[in-house]
Each structure stands twice: as structure tokens, then as C-alpha cells.
Amino acid sequence: MTDDTDTAAEPFQDMSLDELREEIEDIDRGIVELIARRTYVADTVAQVKAEKDLPTTDESQEERVMERAGQNAAHFEVDSNLVKAIFRLLIEMNKAEQRQSR
């Protein structure tokens, strides 16, 4: 890990187990909020696609999303395969919902 990552972890080193678990709960809540926001925007994209009679799948856009996911994973020193798997799941769920709504 880089010095930046080590520095970011320092505030957590002196926290109790209960405090660390509370921090994880806050982070989890934030993750869910971001997934909800992403889903809302993806639903709006689906509406625009339906109005313009565009296909549900846009492989070039999916590739760009996956590339960004990998870059962000590298930037934050998170396992790229894990991040890409999460984004693949989000994309597939959005596509399934788009197909059902048409």
C-alpha cells in the first residue's frame, strides 16, 4: 500500500471494535445510498432509451464503465477483479430491469 493509504488508515488504528463496526455500518449505508442513486439514474437512462427506441445493451458503454471501474480500483488499491465483478452485477441487473420494463 502507498503512504496515502497508510495515512488514511491511521485514524482507525485507535478505535475500539465497536467503533470500527459502527464505522463499517456508516460505510455500508453510504454504499447502499450510492447504489440507489446509480439505479435511479440507470432507470432514467432506460426511459430515454425506450423513448428513442434504442437497444437495451450498449457494449461500448459497458466497456467504458468496466475500464473506469478498473482504473478506480487501481487508484484506491482495491482488487480490480472484485470491483469489476460488482460493476458487472450492477450492469446486468440494470439491463434485466430495462428488458422487463419494455
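Atom CG of residue L34 and atom CG of residue L90 lie 11.0 Å apart, to the nearest 0.5 angstrom. Of the inter-residue distances, the one linking K49 atom NZ with T57 atom OG1 reads 7.0 Å to the nearest 0.5 angstrom.
By the rule that hydrophobic residues join a cluster once side-chain heavy atoms approach within less than 4.5 Å of another member, I35 and L82 end up as members of one cluster. In the hydrophobic clustering of ILVMFWY residues, with side-chain heavy atoms under 4.5 Å counting as a link, V41 and F87 come out apart. I31 and I86 fall within a single hydrophobic cluster, where Ile, Leu, Val, Met, Phe, Trp and Tyr are joined by side-chain heavy atoms under 4.5 Å apart, directly or via other members.
In this structure, L20 and F12 approach most closely via the heavy-atom pair CD2-O, 3.7 Å. Of all heavy-atom pairs spanning A73 and S80, the tightest one is CB-CA, 3.8 Å. Nearest heavy atom pair, residue Q98 against residue A42, reads NE2-O, 4.2 Å.
Sorted by first then second residue, the salt bridge (charged side-chain N to carboxylate O under 4.0 Å, His left out) pairs that include residues 54-74, not counting sequence neighbours, are E62-R88, E62-K95. Annotation: salt bridge (charged side-chain N to carboxylate O under 4.0 Å, His left out) contacts involving residues 18-28, sequence neighbours excluded, comprise D26-R29.
Contact annotation: the side chain of N72 never approaches that of V83 to less than 4.5 Å [non-hydrogen atoms, C-beta and beyond].
Other members of the hydrophobic cluster containing M93, listed by chain and number, are L89; membership follows side-chain contacts under 4.5 Å among ILVMFWY residues, whether direct or relayed.
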